[in-house]
K.L.:
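The structure under discussion is supplied below as C-alpha cells; questions concerning it will follow.
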Amino acid sequence: MVNHNGIFFAADEPIFTHGNRGYKYGDGVFETLRVVNGDIFFWEDHYFRLMASMRMLRMEIPMNFTLEHLQQEILETVQKNTFENNSARVRFTVARNEGGLYTPENNTISYTIEVNPLSSPFYTLLDESYEVELFKDFFVNKDLLSQLKTTNKLLNVLAGVYAKENGYDNCILLNSDKQVVEAINGNVFLVHGRIIKTAPLKDGCLNGIARKKIIEIIGLSEEFELSETSISPFELQKADEFFITNSISGIIPITQYRKKTYTNTIAKNLLGKLNAKARLEVTS
C-alpha cells in the first residue's frame with residue numbers, strides 16, 4: 001500500500017497524472033528512513049532536514065506537517081504494509097503540486113509514502129567485496145542545492161549506469177574542483193590511522209543524516225579525530241579504510257579502489273556505536 005496525501009492506494013494503482021511536477025521537473029525532495037518494530041531511526045533529524053529542504057525550495061509547508069503527524073502517517077503506512085513488527089525502508093517524497101511550466105502556479109505540495117521490507121533490524125556490516133571507481137563524466141555543483149535530497153538525481157543515475165556497465169559496486173562523485181564529494185548513495189569517509197576524514201558540506205556533498213551521526217560519534221570518541229576537509233582523489237589510495245554512510249545501510253565498507261585494498265576494522269567499531277546510538281534515540 002502507498003500513502004498519497006493520507007489516502008491509501010494499492011502499489012500498482014495509478015496515483016499521478018502526466019502533470020506531476022516531480023516527474024516533469026524534478027520539483028521535489030525526499031527522505032529515506034529506516035523503521036524497526038514501529039520506531040523510526042533518527043526521526044527528528046530526518047524531519048528537520050525535510051522542513052529545511054522544503055523552505056529552501058520555497059514550498060508551502062502545510063499546517064499539519066508537524067513532527068508527530070508525519071510520524072503517525074509513516075507508521076500507519078508501515079502498518080498497512082504489515083511491517084510494524086519487522087524492519088522497513090520508507091521513502092517520504094514531497095513534490096510541488098501540478099500547474100505551470102518551469103515557474104509553478106503555486107507552492108502547495110503533495111506527499112507520498114512508500115514502504116519496502118529490510119532483512120535486518122539493525123545495521124550490519126556485509127563482509128563481501130565492494131569495489132568502486134571515480135565517475136568523471138559529470139560533476140557535483142558546490143552549492144546548497146547539492147546538499148539536499150531532491151528528486152532530481154540524474155548525475156547519480158548516470159553514475160549508477162556507469163558502475164553497472166563496468167562491473168563496479170558503486171562510484172565516487174567529484175565536484176567541479178575535482179574533489180571527492182560522495183558516493184552514488186551516501187557520504188564517504190577515509191581513515192588514516194586515528195584520523196577519520198570526510199568532505200565538508202561546502203564542497204557540495206549531501207547533508208546526510210548518517211554522516212551527521214558518525215561525526216557526532218567521532219566527536220565523542222577519544223580513539224579517533226575528525227577532519228572535515230576537502231579530499232583529493234590521490235588520497236584514496238593512501239587511506240587505511242574507505243567507507244560509505246547512509247540511513248538505510250549505516251556503513252558500507254569499500255574493499256577495493258583500483259589497486260588499493262582496504263580493511264574494515266574502524267568501520268566495524270563505528271557501526272557498533274551507530275547501532276547503539278539508534279537504539280538510544282528511539283527509546284529516549
K.L.:
Keeping Asn175 on the side-chain end and Val140 on the backbone end, is there a donor-acceptor pair under 3.5 Å?
P.N.:
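Checking the backbone N and O of Val140 against the side chain of Asn175, no donor-acceptor pair under 3.5 Å is found.
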K.L.:
Check for a donor-acceptor pair, side chain of Asn246 on one end and backbone N or O of Asn185 on the other, with a separation under 3.5 Å.
P.N.:
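Pair found, side chain donor or acceptor close to backbone of Asn185.
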K.L.:
Working to the nearest 0.5 Å, report the span between CG of Asn207 and OG of Ser146.
P.N.:
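Between atom CG of Asn207 and atom OG of Ser146 there are 12.0 Å.
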K.L.:
Could you check whether any side-chain heavy atom of Leu101 comes within less than 4.5 Å of a side-chain heavy atom of Tyr25, counting everything from C-beta outward?
P.N.:
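Yes, their side chains come closer than 4.5 Å.
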K.L.:
Do Phe65 and Ile74 share a hydrophobic cluster (ILVMFWY, side-chain heavy atoms under 4.5 Å, transitive)?
P.N.:
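Linked within one cluster.
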K.L.:
Does the side chain of Asn152 pick up a donor-acceptor pair with the side chain of Thr150 at under 3.5 Å?
P.N.:
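Side-chain D/A pair, Asn152 to Thr150: absent.
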K.L.:
Quick one: do Val36 and Leu126 end up in the same hydrophobic cluster if we chain Ile, Leu, Val, Met, Phe, Trp and Tyr together by side-chain heavy atoms under 4.5 Å apart?
P.N.:
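No, it is not one cluster - the side chains of Val36 and Leu126 are not joined through contacts under 4.5 Å.
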K.L.:
Could you check whether Arg279 pairs with Asp39 (Lys NZ or Arg NE/NH1/NH2 to Asp/Glu carboxylate O, under 4.0 Å)?
P.N.:
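No salt bridge links Arg279 with Asp39.
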K.L.:
Run the numbers on Ser176 and Lys142 for side-chain contact (heavy atoms from CB on, under 4.5 Å), then give the verdict.
P.N.:
CA-CA 7 Å; Ser176 50; Lys142 293 174 61 176; 4.3 Å; yes
K.L.:
With heavy-atom distances below 4.5 Å as the criterion, would you say the side chains of Phe41 and Leu274 are in contact?
P.N.:
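No; the side chains remain at least 4.5 Å from each other.
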K.L.:
Are any of the side-chain heavy atoms of Lys213 and Asp45 separated by less than 4.5 Å?
P.N.:
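With C-beta onward as the side chain, the pair touches.
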K.L.:
Measure across Lys178 and Pro233 and return the closest heavy-atom pair with its distance rounded to 0.1 Å.
P.N.:
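Smallest interatomic distance, heavy atoms only, reads O-CD, 3.3 Å.
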K.L.:
Would you mind reporting whether Asn37 and Glu84 have side-chain heavy atoms less than 4.5 Å apart?
P.N.:
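No, every pair of side-chain atoms sits at 4.5 Å or beyond.
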K.L.:
With the 4.5 Å side-chain cut-off for hydrophobic clustering, are Val132 and Leu190 part of the same group?
P.N.:
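Same hydrophobic cluster.
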K.L.:
Would you say Glu133 and Ile172 make side-chain contact, with heavy atoms under 4.5 Å?
P.N.:
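The answer is no, as the side chains (C-beta and beyond) never meet within the 4.5 Å cut-off.
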K.L.:
Out of curiosity, Asp203 CG to Glu182 CD, how far, rounded to the nearest 0.5 Å?
P.N.:
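One finds 10.5 Å between CG of Asp203 and CD of Glu182.
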K.L.:
Atom CG of Leu70 and atom CD of Glu68: how far apart are they, to the nearest 0.5 Å?
P.N.:
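Reported value, rounded in 0.5 Å steps: 9.5 Å.
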K.L.:
Measure from the side-chain N and O atoms of Glu13 to the backbone N and O of Ala10, and report whether any donor-acceptor pair falls under 3.5 Å.
P.N.:
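Checked: pair present.
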K.L.:
Under the side-chain contact (heavy atoms from CB on, under 4.5 Å) rule, collect the residues that match up with Lys24, sequence neighbours excluded.
P.N.:
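Partners of Lys24 under the side-chain contact (heavy atoms from CB on, under 4.5 Å) test: none.
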K.L.:
Verify the distance criterion only: is there a donor paired with an acceptor across the side chains of Thr17 and Glu98 at less than 3.5 Å?
P.N.:
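Yes, Glu98 and Thr17 have a side-chain donor paired with an acceptor closer than 3.5 Å.
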K.L.:
Please report the shortest heavy-atom distance between Asn20 and Gly22, naming the atom on each side.
P.N.:
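Scanning both residues, the minimum pair turns out to be OD1-N, 3.0 Å.
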K.L.:
Apply the test side-chain contact (heavy atoms from CB on, under 4.5 Å) to residues Ile252 and Tyr130: give CA-CA distance (whole Å), side-chain angles for both, the deciding distance (0.1 Å), then the verdict.
P.N.:
CA-CA 8 Å; Ile252 305 170; Tyr130 198 90; 3.7 Å; yes
K.L.:
Please give me the minimum heavy-atom distance between Thr32 and Ser247, naming the atom from each residue.
P.N.:
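That closest heavy-atom pairing would be O-CB, 3.7 Å.
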K.L.:
Counting heavy atoms not belonging to Lys260, are there more than 12 under 6.0 Å from its NZ?
P.N.:
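Check passes, neighbour count above 12.
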K.L.:
Tell me whether Val191 shares a hydrophobic cluster with Leu125, the cluster being built from Ile, Leu, Val, Met, Phe, Trp, Tyr side chains joined at under 4.5 Å.
P.N.:
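Yes, because Val191 and Leu125 connect within a single hydrophobic cluster, where side-chain heavy atoms sit under 4.5 Å apart.
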K.L.:
Does any donor atom in the side chain of Thr263 or Thr265 lie under 3.5 Å from an acceptor atom in the other side chain?
P.N.:
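On atom types as modelled, these side chains do not qualify, holding no pair under 3.5 Å.
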K.L.:
Restricting to pairs with a member in residues 231-265, which pass ring-ring contact (aromatic ring centres under 6.0 Å, His included), not counting sequence neighbours?
P.N.:
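Residue pairs passing ring-ring contact (aromatic ring centres under 6.0 Å, His included), neighbours aside: Phe189-Phe243, Phe242-Tyr262.
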K.L.:
When you measure from the side chain of Glu281 to the backbone N and O of Ala278, does any donor-acceptor pair fall under 3.5 Å?
P.N.:
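Not a single qualifying donor-acceptor pair exists.
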K.L.:
Using only heavy-atom distances, determine whether the side chains of Gln71 and Tyr47 contain a donor-acceptor pair under 3.5 Å.
P.N.:
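Tyr47 and Gln71 do not have a side-chain donor-acceptor pair below 3.5 Å.
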K.L.:
Answer yes or no: is there a side-chain heavy-atom contact under 4.5 Å between Ile244 and Ile251?
P.N.:
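Of all side-chain heavy-atom pairs linking Ile251 with Ile244, none is under 4.5 Å.
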K.L.:
Quick check on the 6.0 Å ring-centre criterion: do Phe16 and His4 meet it?
P.N.:
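Between Phe16 and His4, the centre distance is under 6.0 Å.
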K.L.:
For the backbone of Gly26 and the side chain of Thr151, can you confirm whether one donor and one acceptor N or O come within less than 3.5 Å of each other?
P.N.:
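Between the backbone of Gly26 and the side chain of Thr151 there is a qualifying donor-acceptor contact (under 3.5 Å).
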K.L.:
Can you see which heavy atom on Asp240 is nearest to which on Gly193, and at what distance?
P.N.:
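For Asp240 and Gly193, the tightest heavy-atom pair comes out as OD2-N, 2.7 Å.
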K.L.:
Could you go through the side-chain contact (heavy atoms from CB on, under 4.5 Å) check for Ile209 and Arg49 one step at a time?
P.N.:
CA-CA 9 Å; Ile209 301 301; Arg49 183 174 68 173; 3.6 Å; yes
K.L.:
For Phe138, which residues count as a side-chain contact (heavy atoms from CB on, under 4.5 Å) partner, sequence neighbours excluded?
P.N.:
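Applying side-chain contact (heavy atoms from CB on, under 4.5 Å) to Phe138 gives Phe135, Leu155, Leu158.
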K.L.:
Is a side-chain N or O of Asn187 found less than 3.5 angstrom from the main chain of Thr245, in a donor-acceptor match?
P.N.:
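No, Asn187 side chain to Thr245 backbone: no donor-acceptor pair under 3.5 Å.
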K.L.:
Should the pair Glu241-Lys268 be classified as a salt bridge under the 4.0 Å nitrogen-to-oxygen rule?
P.N.:
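Salt bridge absent between Glu241 and Lys268.
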K.L.:
What distance do Asn275 atom CG and Ser120 atom OG have between them, rounded to the nearest 0.5 Å?
P.N.:
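Result: 8.0 Å between the selected atoms.
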K.L.:
Side chain of Arg55, backbone of Ile61: donor and acceptor closer than 3.5 Å?
P.N.:
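Not a single qualifying donor-acceptor pair exists.
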K.L.:
Starting at CE of Met59, measure out to CG of Leu57 and round the result to the nearest 0.5 Å.
P.N.:
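The CG atom of Leu57 is 5.0 Å from CE of Met59, to the nearest 0.5 Å.
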K.L.:
Taking Val188's backbone N and O only, do any of them form a donor-acceptor pair with Thr198's side chain (distance below 3.5 Å, no angle check)?
P.N.:
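Checking the backbone N and O of Val188 against the side chain of Thr198, a donor-acceptor pair under 3.5 Å is found.
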K.L.:
Indicate the ring-plane relationship of Tyr168 and Tyr162, choosing parallel, tilted or perpendicular according to the 30° and 60° boundaries.
P.N.:
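Judged by the thresholds at 30° and 60°, the geometry between Tyr168 and Tyr162 is parallel.
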K.L.:
Count the heavy atoms belonging to other residues, nucleotides or ligands that lie under 6.0 Å from CD of Glu216, then report whether that count exceeds 12.
P.N.:
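Enclosed.
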K.L.:
For the residue pair Asn97 and Ser110, confirm or rule out a side-chain donor-acceptor distance under 3.5 Å.
P.N.:
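There is such a pair between these side chains.
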K.L.:
Locate the shortest heavy-atom distance separating Phe9 from Pro14; write the atom from each residue and the value.
P.N.:
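Smallest interatomic distance, heavy atoms only, reads CD2-O, 4.4 Å.
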K.L.:
Does the pair Leu134 and Leu236 meet the rule for a side-chain contact (heavy atoms from CB on, under 4.5 Å), with working shown?
P.N.:
CA-CA 10 Å; Leu134 298 180; Leu236 301 184; 4.0 Å; yes
K.L.:
Taking the six-membered ring of Phe30, is the NZ or CZ of Arg91 close enough (under 6.0 Å from the centre) and on axis enough (within 45°)?
P.N.:
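Pair Arg91/Phe30 counts as cation-pi.
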K.L.:
Got a donor-acceptor contact below 3.5 angstrom from the Asn141 side chain to the Asp143 backbone?
P.N.:
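Here the side-chain-to-backbone pair does not exist.
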K.L.:
Exactly one of Arg211, Lys212, Lys202, Lys197 should register a salt bridge (Lys or Arg N to Asp or Glu O under 4.0 Å) with Glu228. Which one does?
P.N.:
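So, applying the salt bridge (Lys or Arg N to Asp or Glu O under 4.0 Å) to Glu228 and each of Arg211, Lys212, Lys202, Lys197, only Arg211 qualifies.
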K.L.:
Just wondering, are more than 12 heavy atoms of other shown residues or ligands nearer than 6.0 Å to OH in Tyr23?
P.N.:
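Count not over threshold, so no.
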K.L.:
Should Ile214 and Ile248 be counted in the same cluster of Ile, Leu, Val, Met, Phe, Trp and Tyr side chains packed under 4.5 Å apart?
P.N.:
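Different hydrophobic clusters.
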K.L.:
Using a 4.5 Å cut-off on heavy atoms from C-beta on, say whether the side chain of Val2 contacts that of Ile113.
P.N.:
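A side-chain contact is absent here, since even the closest heavy-atom pair is not under 4.5 Å.
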K.L.:
Flag the pair Glu105 and Arg96 as a salt bridge only when some basic side-chain nitrogen lies within less than 4.0 angstrom of an acidic carboxylate oxygen.
P.N.:
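No, no charged N to carboxylate O under 4.0 Å.
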K.L.:
Could you check whether Arg89 pairs with Glu114 (Lys NZ or Arg NE/NH1/NH2 to Asp/Glu carboxylate O, under 4.0 Å)?
P.N.:
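Salt bridge: no.
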K.L.:
Would you say Lys277 and Ile217 make side-chain contact, with heavy atoms under 4.5 Å?
P.N.:
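Touching, per the 4.5 Å side-chain cut-off.
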K.L.:
Find the distance between CD (Glu235) and OG (Ser230) and round it off to the nearest 0.5 Å.
P.N.:
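Reported value, rounded in 0.5 Å steps: 9.0 Å.
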K.L.:
Under 3.5 Å, side chain of Glu31 to main-chain N/O of Leu33, donor-acceptor pair present?
P.N.:
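Here the side-chain-to-backbone pair does not exist.
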K.L.:
So, Asn3 versus Glu73: side-chain donor-acceptor pair below 3.5 Å or not?
P.N.:
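Yes, Glu73 and Asn3 have a side-chain donor paired with an acceptor closer than 3.5 Å.
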